[in-house]
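Here is the structure we will look at.
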Amino acid sequence: MNIAVPRASRSGAAPVAVSFEFFPPKTSEMEEALWQSIQRLAPLQPHFVSVTYGAGGTTRQRTHSTVARILEETQLRPAAHLTCIGASRVEIDEVVQDYWDLGVRHIVALRGDPPAGVGAKYEPHPDGYRTSADLVAGIKRIGDFEITVSAYPEKHPEATSFDQDIDALKAKIDAGATRAITQFFFENDCYLRYLDQVRARGIDIPIVPGLVPVQNFKQTASFATKTGASVPAWLAARFEGLEDDPATRRLVAAAVAAEQALDLVDRGVRDFHFYTMNKADLVFAICHLLGLRAQPAQKAA
Ligand code: FAD
């Protein structure tokens, strides 16, 4: 019989830190759902919560008002996502200055995808920031923001090699980024191999794994294909035949997400970023398994 080595995820001696990502709501019903999720997850005292910026810069106003409401009505520390797409430097600088004036001190800076969608050719705005590294430098010129950027354990689809991809990450760090959040992935080995490659290049900032609880397998698989994240056959097999069985699907989704997160804890990971899709239940359950418990409201340290 093989005796398993002690697991950090069971010892209770492995405190973790989490952050949660939300998207700005389009309708009043979606807004209600978002606020219910924020209120459910807030007592877990995330390190920060981030609010995405719609493709092509389409949610500039909604991202801003969601971030403003988080600041005004909660003890949470919001990070606003911002991309280079569809706006001049002057316009982007105004958005950044507005955030500074509002009291926001953390930006997730991205290049963004072309308005025609993921995979279309990227053309910078003629008067805009050309790359995400340029954007990071521009933000830093306006205020001493904390800046988080993206990282791609399976390589960004447009990067010609892992080396080029890691060069791009390095350029963002040289410009002032101090944390990266990864694109979601399902094979933990992929993330840990990537981490080795990044560390071997002398990059020592936190590379926080971005985890997506699979609320809807078909939707996640289709999104994954576009972003270059692979969907392993074993994952598809776990959801196979459950299309008309939402109750079992939810249980399987929880089991799959718990397995991934706890395995990462066993392998030394302590920081997690959750793509919540504005839904709290599954994320709350995983955080509970990670050892987090609801705390009375107070500003996270
Ligand atoms: P970058 O870091 O700028 O580049 C990624 C890779 O692509 C690098 O390897 C770089 O070398 C390569 N590359 C970039 N441009 C070229 C080019 N022209 N030719 C060759 N190679 C190139 N999108 C949104 O619209 N709104 C969001 O709120 C948002 N949030 C995100 C949060 C996270 C944590 C992540 C991982 C992604 C997010 N995205 C968001 C998606 C992101 O905008 C896209 O993946 C986009 O395609 C790349 O932007 P980036 O800043 O991640 O890429």
Side-chain angles (χ1 to χ4, degrees), residues 18-25 48-60 62-64 66-67 78-87 92 95 99 106-125 128-139 147-185 190-191 194 197-198 201 203 205-212 223-229 271-278:
V18 295
S19 51
F20 302 130
E21 182 171 307
F22 301 101
F23 63 86
F48 63 91
V49 295
S50 78
V51 182
T52 61
Y53 195 71
T58 44
T59 67
R60 189 181 311 171
R62 279 188 277 131
T63 300
H64 188 278
T66 304
V67 167
H81 290 221
L82 186 60
T83 75
C84 308
I85 305 289
I92 289 178
V95 173
Y99 278 132
H106 185 172
I107 290 188
V108 181
L110 304 138
R111 187 201 71 181
D113 286 310
V118 181
K121 188 170 161 39
Y122 169 72
E123 295 285 357
H125 185 286
Y129 288 108
R130 297 185 65 77
T131 67
S132 47
D134 286 347
L135 176 62
V136 172
I139 294 169
I147 301 185
T148 294
V149 292
S150 62
Y152 293 87
E154 297 182 76
K155 192 175 84 51
H156 186 276
E158 288 171 52
T160 48
S161 65
F162 269 101
D163 271 349
Q164 192 225 338
D165 211 26
I166 296 172
D167 285 344
L169 175 62
K170 189 145 188 344
K172 296 188 281 191
I173 296 164
D174 291 344
T178 51
R179 176 190 299 99
I181 295 173
T182 74
Q183 183 59 278
F184 66 85
F185 57 89
C190 236
Y191 164 73
Y194 174 74
Q197 280 179 290
V198 165
R201 293 282 302 274
I203 293 173
I205 64 164
I207 310 285
V208 181
L211 301 188
V212 65
F223 190 60
T225 316
K226 290 181 193 151
T227 57
D271 275 339
F272 296 88
H273 181 78
F274 288 99
Y275 296 103
T276 68
M277 309 299 186
N278 292 4

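Just so you know, ligand 1 is whichever comes first in the structure, and atom 1 is the first atom listed for that ligand.
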- Query: Okay, side chain of Thr182, backbone of Ala151: is any donor-acceptor separation there less than 3.5 Å?
  - Reply: no
- Arg62 backbone acceptor or donor facing Thr59 side chain under 3.5 Å: no
- Message: Tell me whether Thr227 contacts the main-chain N or O of Ala224 through its side chain, where contact means a donor paired with an acceptor under 3.5 Å.
- Response: yes
- Note on the structure: Contacts of Thr83 meeting side chain to side chain contact (heavy atoms under 4.5 Å, CB included) (sequence neighbours excluded), chain-then-number -> Tyr53, Ile85, Leu110
- Message: Quick one about Thr52 and His81 (side-chain donor to acceptor, distance below 3.5 Å, no hydrogens or angles considered), yes or no?
- Response: no
- Nearest 0.5 Å please: distance from the CD atom of Glu21 over to the NE2 atom of His273. 4.0 Å
- Sorted by chain and number, the residues that approach ligand 1 to under 4.0 Å with a heavy atom: Thr52, Tyr53, Ala55, His81, Thr83, Leu110, Arg111, Gly112, Asp113, Ser132, Ser150, Tyr152, His156, Glu158, Ala159, Gln164, Asp165, Ala168, Lys172, Ile181, Gln183, Tyr275
